[in-house]
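None of the values given here were measured: they were computed from a predicted structure. All chains are named by letter (A, B, ...) in the order of the sequence lines, taking the proteins before the strands, and each is independently numbered beginning at 1.
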Amino acid sequence: MTKKLLLIDGNSIAFKAFYALYQSLDRFTNTSGLHTSAIYGFNRMLDKVLKEEQPTDVLVAFDAGKVTFRTKMYSDYKGGRAKTPSELSEQFPFIRELVNARGIKAYELPNYEADDIIGTLAKQAEQAGNYEVVIVTGDRDLTQLTSDKTTVQVSKKGVTELEKYTPEHVEKKLGVEPSQIIEIKGLKGDNSDNYPGVEKVGDKTALKLVQQFGTIANLYDHIDEVSGKKLKEHLIQDQDKAERARTLATINRDAPVTISLSDLSYQGDQLEQLTDFYERMNFKSFLSNLAVDDSDDEKNQFAAIKYETLTADNLSALKQFQDEVSFHLEMADENYHTSPILGFAIGQGNQWFVTNNPDLLQADIVKQLLTSPTIKKNVFDAKRTYVGLYRQSIILQNVDFDMLLVSYLLNTTNNSNDVGTVAHLHGFNNVKTDEEVYGKGAKRSIDTQSPAFLAHLVHKAKAIDALHDNMFADLDQHNQTKLYRDIEIKIAFVLANMEISGIKVDPTKLEEMGSKFTERLSEIEQAIYQQAGETFNIGSPKQLGKILFEKLHLPVLKKTKTGYSTSVDVLEKLAPDAPIVQDVLDYRQISKLLSTYIDGLLKVIHQDDSKVHTRYLQTLTQTGRLSSVDPNLQNIPVRTEEGRLIREAFVPSHPGWQIFSSDYSQIELRVLASITNDQNMQEAFREGEDIHATTARRIFGLASNDEVTPELRRQAKAVNFGIVYGISDYGLSKNTGISRKQAHQFIQRYFEEYPGVKKYTEDIVEFARNHQYVETIAHRRRYLPDINSRNFNLRAFAERTAMNTPIQGSAADIIKIAMINMADAIKDMRTTMLLQVHDELIFEVPDDELATVKELIPKVMDSAIKLNVPLKVESHWGKTWYDAK
DNA sequence: GTTGTCACG
DNA sequence: ACGTACGTGACAACT
């Protein structure tokens, strides 16, 4: 039988874990004040790797101490390294204890590093023949051990994310064979281990030399063939250093280990010991996972919750649920507008019922329960459940708890659409994820006939039931109960009805436009080939880059990490140099319209009603905005005339009706004026001035708005946008083409003229630093863990986010309130709300209601909330969306 | 599955 | 000195 040996580099993983959680160092301490972050991270890695690899034998190797055969050979080896922080070194004994409690052997060998132990045992296993070897480490150097029988997994940013190196992957990634890694290190040396290689030889030269000569030895045998006089001199000069560095980098695969392969068999968790350990470390989630895994035997776990399979005969048992019930409707696919319904689970406390027969939804007692205005329903994803039931002619009522929505409000990051994942996030572990039960990707399959399926549904419903008290309490603690009850749960149903309504799309119109575009496209295509002197795939940035920058020698203004950038801003700068560039720009535009908006939309029109039914994702964005998928109706072209024509295909669903659109004018700047309490900006809005002109007048010191030229207004507008995005002079200069110095001046002038805004930007960042989050008007919260980061980039990004999120998020709050009020205001009319595009709402309106809605809709929108400045709404209508302008 | 590009607010 | 505008989704190419 083949065995699988897992070898773990204990020190490097502990280091990685410690630094991955460095930000949260203070959150990871146990009651006796011991730091536990590295222990925690280490155990997460163990969980993951043990589960994924299912090894038969395991060893964790540790470094024995400072002195090794390498330091004897070269006294500066690993010299100059900062001392291991005490917060980490105090954890090492406990990591060993953990390893032990998990039934794993730990080992160290005086004079040798963990690498050498691993290298030696891997070699022994390979020679024994019947072993497969997996090495887990944080140190990329170990990839030199990669072979047919040995894979090396190197932890990436966290410790649970591992990059798997096979010999093929090494070659692809590094350009050399695994055995040649030491040759490269020999030539370039290693800064972190503090030994030099050859002078002036870095990654690139080393790689080139090794690719050419194979090994250092062979290189020196053919030293005359090295191109470059200086390089050759350095090589000759530093031959001893190269050879020493090569030896230092080489893992010793014949270390005198005193342990043998047969000592390494994996014992599995030592429950008593491990429970005790987790308790001392205060590892709650590991503890509760232990309880679940304890009943690893599947039957046991499912037996943990008793349930009955629902049939026509025992339906009356559901009568017991008079006040409250948890309900989970299972559908096969993401898209609940079209997905088959597979079954449902319902119950409370210890009473659970489940079925794989969706027809039972039609049973009177089930229907009454779901539509009852007095029995509270607890679900996961109210909108999805509502639409699914709506398709069965059941109107879900009185949803009290939506676990998905509450989880999103509590923390917008780490949000998932999976009950199991969200439950785990909130500390309830007795439920699997869909991925665990159904598989993922091509392997995903749902066997509705299996007992595991029924059990899974019950476990999901039970998770909702189990968590709702705690999660509501958390919501209250965040001061978010009103946000949930008055906005989010209500808008869920408003959105559901908009999605169900859908918007009619005229396929003939799209096809007509499609033919025109196709024709145009092939003309441009020919023109491009002509100028390039060859045919190629214009849609491939790689091939296009080759033509433009290598064949036609256009100047390279920007690069991406994989090659030349060919993005619009680059091409626009190059357009005057060569006519082909403008053709490429045109080609891009048309093919975008064709693929995304003509073909893309045609694909998602429902045959039965000629409509598209988008899904609004309510729990995705970090700011509280919605997003729209399948299709995305929030990015239908409008800025160019050619693109805008797409909107002609969006028509009312009844002849003679109108498409009616109302949008908030400058909502984000009005929100800014209001929450910063800046008197000057508020005045501009109260007086009904053109805000960009006023800004121009102020920062350029003009006497009146009449003196503002279009160019000055354009620049002021860019500054206004910049402020909303959390400005920097660099960003502003890049976006407007003015110099950085000038951008800096504009911003300074802006802050002089709008001192309230300046104070706000300072205060909000300060608030974020103190609380690690920011809030909108409606107490929507966004956490900013990077706000105190030592990494400039991360910190600067968090600071801009701190400024932007309350603005963008409060605007999102406002339109959501407007939509809830709107649904009520038009409930007895035929006018239907169809779409939301962040600051605008789109309706279809019968002619005889037009006069009413012209007044009503703007009224509802501008009175959604009381700010310190007025809200302004503009409306347009016409016989297609295009005409509503 | 990731990257580059481009559509929207 | 660092090296940046905020928030999204879909498509084609390429790994």
Side-chain angles (χ1 to χ4, degrees), chain A residues 168-169 172-173 412 440-442 536-545 558-571 584-585 587-601 603-604 614-617 620-640 642-644 646-647 663-664 666-668 672 718-736 740 743 747 782 789-809 811-812 815 835-840:
Chain A
E168 294 75 39
H169 189 63
K172 203 167 71 188
K173 183 110 181 185
T412 51
K440 71 164 173 178
F536 64 101
N537 185 345
I538 308 167
S540 157
K542 202 172 155 193
Q543 295 181 35
L544 178 65
K558 197 168 108 187
K559 293 194 120 190
T560 66
K561 52 185 148 179
T562 51
Y564 313 109
S565 170
T566 65
S567 61
V568 215
D569 53 323
V570 172
L571 295 192
V584 171
L585 283 167
Y587 179 93
R588 283 253 183 91
Q589 199 207 350
I590 309 258
S591 68
K592 176 86 182 179
L593 293 175
L594 201 53
S595 67
T596 305
Y597 297 103
I598 304 280
D599 297 342
L601 271 175
K603 267 187 246 163
V604 290
T614 187
R615 277 154 43 230
Y616 289 104
L617 306 187
L620 182 136
T621 69
Q622 300 302 303
T623 56
R625 276 190 175 182
L626 302 173
S627 86
S628 157
V629 293
D630 279 342
N632 179 357
L633 295 179
Q634 292 182 318
N635 72 346
I636 302 301
V638 68
R639 291 174 189 171
T640 68
E642 272 162 318
R644 192 173 197 147
I646 301 282
R647 296 183 171 215
D663 65 283
Y664 283 110
Q666 310 293 358
I667 187 164
E668 290 190 349
L672 179 71
V719 183
N720 275 330
F721 268 97
I723 295 289
V724 170
Y725 294 152
I727 201 150
S728 74
D729 51 11
Y730 183 90
L732 182 63
S733 78
K734 200 168 126 241
N735 208 264
T736 56
R740 189 167 165 175
I747 295 167
R782 179 175 185 177
S789 169
R790 272 159 291 271
N791 178 324
F792 176 88
N793 273 330
L794 294 179
R795 190 176 64 246
F797 182 61
E799 287 169 359
R800 294 196 295 274
T801 312
M803 300 183 226
N804 174 263
T805 295
I807 312 290
Q808 189 181 119
I815 195 165
L835 304 175
Q836 187 250 45
V837 191
H838 309 307
D839 64 357
E840 72 181 304

Of all heavy-atom pairs linking A:Gln543 and A:Asn537, the shortest is OE1-N, 2.9 Å
- Sugar-phosphate, base or nothing in reach of A:Arg782, heavy atoms under 4.0 Å: sugar-phosphate
Correct closest heavy-atom pair for A:Asn791 and A:Asn793 would be OD1-N, 2.8 Å
Query raised in the report: Does A:Asp569 come within less than 4.0 Å of A:Lys734, counting only side-chain N to carboxylate O?
Result: no
B/S/- along nucleotides 4-9 of chain B (protein heavy atoms under 4.0 Å) is SSBBBB
So the salt bridge (charged side-chain N to carboxylate O under 4.0 Å, His left out) pairs with at least one residue in residues 621-637 of chain A (sequence neighbours excluded) are A:Arg615-A:Asp630, A:Arg625-A:Glu668
Note: chain A reaches DNA chain C at heavy-atom distances under 4.0 Å over the stretch, first to last nt, 5' to 3', of C:dC2 to C:dT15
- Task: Determine the interatomic distance between P on C:dC2 and the same-named atom on B:dC6; round to the nearest Å.
- Result: 29 Å
- Query: Touch check for A:Ser591, heavy atoms < 4.0 angstrom, all strands: base, sugar-phosphate only, or nothing?
  - Reply: nothing
Please indicate whether A:Tyr616 has more than 12 foreign heavy atoms, meaning atoms of other residues, nucleotides or ligands, lying under 6.0 Å from its OH. yes
*When all nucleic acid strands are considered with a 4.0 Å heavy-atom cut-off, which category describes A:Gly726: base, sugar-phosphate, or nothing?*
nothing
Is the shortest side-chain heavy-atom distance between A:Gln808 and A:Thr621 below 4.5 Å? no
Note: A:Val584 and A:Leu571 closest approach over all heavy atoms is CG1-CD1, 3.8 Å
Heavy-atom closest pair (A:Leu626 atom, A:His838 atom, distance to 0.1 Å) is O-CE1, 3.5 Å
Per-residue pairing states of DNA chain C in dot-bracket (Watson-Crick or G-U under 3.5 Å; . unpaired, | other strand) read .....|||||||||.
Those residues at least two apart in sequence (or on a different chain) that pass salt bridge (charged side-chain N to carboxylate O under 4.0 Å, His left out) with A:Lys542 are none
Between A:Gln622 and A:Thr805 the two heavy atoms that sit nearest each other are O-CG2, 4.3 Å
Walking DNA chain C from its 5' end, the first of A:Leu620 and A:Leu732 to be reached, judged by nearest nucleotide, is A:Leu732
| Mind checking the P distance from B:dT5 to C:dA5? Whole angstroms is fine. | 14 Å
Can I get a per-line list of side-chain donor-acceptor pairs under 3.5 Å for residues 722-730 of chain A, giving both atom names and the distance, sequence neighbours left out?
from, atom 1, to, atom 2, distance (Å)
A:Ser728, OG, A:Gly731, N, 3.0
A:Asp729, OD1, A:Arg740, NE, 3.4

Could you check whether A:Ala802 gets within reach of a base, just the sugar-phosphate, or nothing at all, counting any heavy atom under 4.0 Å? nothing
Practice prompt. Please work out if A:Asp599 contacts a base, only the sugar-phosphate, or nothing of the nucleic acid, heavy-atom cut-off 4.0 Å.
Written response: nothing
For this session: Quick one: label A:Val629 by what it contacts on the DNA or RNA (base, sugar-phosphate, nothing), any heavy atom closer than 4.0 Å.
Result: sugar-phosphate
